[in-house]
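Here is the structure we will look at, set down as structure tokens.
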Amino acid sequence: MGGFETLLPETLGAIPALLLVIASFFTSALTAAFGVGGGVAMLALLGLFIPVAALIPVHGAVQLGSNAGRAWHQRPHIRFSIATPFILGSLIGAAVGAYVVVQLPDALLKLVLGVFVIAVTWTKIPGAARLSHAGLAAGSAVLALATMFVGATGPLLSAFFAQLIPDDRKALIATHAAGMTVQHALKVIAFALAGFAFWRWLPFIALMIASGYLGTIYGTRLLEKLPEETFRRWFRIGLTLLALDLIRRGLAGMV
């Protein structure tokens, strides 16, 4: 694997890189089929092999490519009436967040976020499906601002979009992918401006994205076969498990 190793940063060996590229296929397929879980699983796997300093920016770049690929592949199902104001709100929230420096306890944020995700997942917010463009943009700005303080906003965004799109699993996953593309793009830009050397990781990131796109194609085929009720049940179960893990980590951090 001598030729392959020359494309990798010095801190990542060929075997771990190959395992991660293969894992990218399965985690992307998971998200494409069930809407949740892939990003968190990939973060955990990357954490086994990648230095802490590079973990979040590399994961953000991989997720940017993964979500962009999923949004492109499932683009006929994107609800632009939701995606467009969400994108505008996200840009506003990120711009405000760039000038706001707030130090909040990470454990408390995880605990609050986990409880909130469970509440939104298993209850209906009155009027959510009829939210105006201005209201959606405002909510999106708050979500984007939250990403400046806590990184695990994927489950929250999934729960939020599930309230807006309660009747079409394909539209839910495609629109969520479009929204997460913007969220991760803003994260990558922030790390690039902070001086992270993405160029050292580009070949590896490109392989991860390519493998992930193949996983998206496979996962989308599985999604086509899933009944709406089955999808919603597993979607809620997945969100709940992620939220419970956030609560666990939050409580552990406060002890």
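Since this is a predicted model, take the numbers as computed values, not measurements.
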Measure across [X] and [Y] and return the closest heavy-atom pair with its distance rounded to 0.1 Å.
{"X": "Q183", "Y": "S90", "result": "NE2-OG, 3.3 Å"}
{"X": "G65", "Y": "I209", "result": "CA-CD1, 3.6 Å"}
{"X": "S158", "Y": "H176", "result": "OG-NE2, 3.0 Å"}
{"X": "A71", "Y": "T181", "result": "CB-OG1, 4.4 Å"}

Heavy-atom count around [X] [atom1] within 6.0 Å, excluding the residue itself: above 12?
{"X": "R233", "atom1": "CZ", "answer": "yes"}
{"X": "F26", "atom1": "CZ", "answer": "no"}
{"X": "E229", "atom1": "CD", "answer": "no"}
{"X": "R200", "atom1": "CZ", "answer": "no"}

Atom [atom1] of [X] and atom [atom2] of [Y]: how far apart are they, to the nearest 0.5 Å?
{"X": "L164", "Y": "I82", "atom1": "CG", "atom2": "CD1", "answer": "5.0 Å"}
{"X": "F34", "Y": "L226", "atom1": "CZ", "atom2": "CG", "answer": "5.0 Å"}
{"X": "L30", "Y": "Y218", "atom1": "CG", "atom2": "OH", "answer": "11.5 Å"}
{"X": "I56", "Y": "F196", "atom1": "CD1", "atom2": "CZ", "answer": "10.5 Å"}
{"X": "R249", "Y": "L244", "atom1": "CZ", "atom2": "CG", "answer": "12.0 Å"}
{"X": "F161", "Y": "M180", "atom1": "CZ", "atom2": "CE", "answer": "9.5 Å"}

**OP:** Applying side-chain contact (heavy atoms from CB on, under 4.5 Å), run through R248 and D245 and close with a yes or a no.
**Re:** CA-CA 5 Å; R248 177 192 63 80; D245 184 59; 2.8 Å; yes
Flag yes if [X] and [Y] sit in one hydrophobic cluster, no otherwise; membership is Ile, Leu, Val, Met, Phe, Trp, Tyr, and two members link when side-chain heavy atoms are under 4.5 Å apart.
{"X": "V21", "Y": "L202", "answer": "no"}
{"X": "V182", "Y": "L88", "answer": "no"}
{"X": "L64", "Y": "I78", "answer": "no"}
{"X": "F86", "Y": "F80", "answer": "no"}
{"X": "V52", "Y": "L48", "answer": "no"}

Original post:
So, T216 versus H73: side-chain donor-acceptor pair below 3.5 Å or not?
Top reply: no
Original post:
Any side-chain heavy-atom pair from W72 and Y213 closer than 4.5 angstrom?
Top reply: yes
**OP:** Kindly indicate whether the side chain of I118, heavy atoms from C-beta on, has any atom under 4.5 Å from the side chain of I247.
**Re:** yes
Original post:
Is L193 isolated, or which residues cluster with it under the ILVMFWY side-chain rule of less than 4.5 Å, directly or via members?
Top reply: I189
Original post:
Taking the six-membered ring where the residue is Trp, are the ring centres of F198 and F191 under 6.0 Å apart?
Top reply: no
**OP:** Run the salt-bridge test on D167 and R79 with the 4.0 Å N-O cut-off and return the result as yes or no.
**Re:** yes
**OP:** List the steps and the verdict of side-chain contact (heavy atoms from CB on, under 4.5 Å) for T31 and I173.
**Re:** CA-CA 8 Å; T31 304; I173 292 183; 5.7 Å; no
**OP:** Under the side-chain contact (heavy atoms from CB on, under 4.5 Å) rule, what do W122 and T240 come out as? Steps first, then yes or no, please.
**Re:** CA-CA 9 Å; W122 292 100; T240 301; 2.6 Å; yes
Taking [X] for its side chain and [Y] for its backbone only, find out whether a donor-acceptor pair lies under 3.5 Å.
{"X": "Q74", "Y": "K170", "result": "no"}
{"X": "R236", "Y": "F231", "result": "no"}
{"X": "S211", "Y": "M208", "result": "no"}

**OP:** Any side-chain hydrogen bond (donor to acceptor under 3.5 Å, both in side chains) involving residues 43-69? Give me the pairs, sequence neighbours left out, ordered by first then second residue.
**Re:** S28-S66, N67-R70
**OP:** From the options L12, L43, I50, V188, select the one residue that forms a side chain to side chain contact (heavy atoms under 4.5 Å, CB included) with V58.
**Re:** I50
Original post:
Yes or no on side-chain contact (heavy atoms from CB on, under 4.5 Å) for L45 and L20, after CA distance, side-chain angles and deciding distance?
Top reply: CA-CA 7 Å; L45 291 170; L20 289 170; 4.0 Å; yes
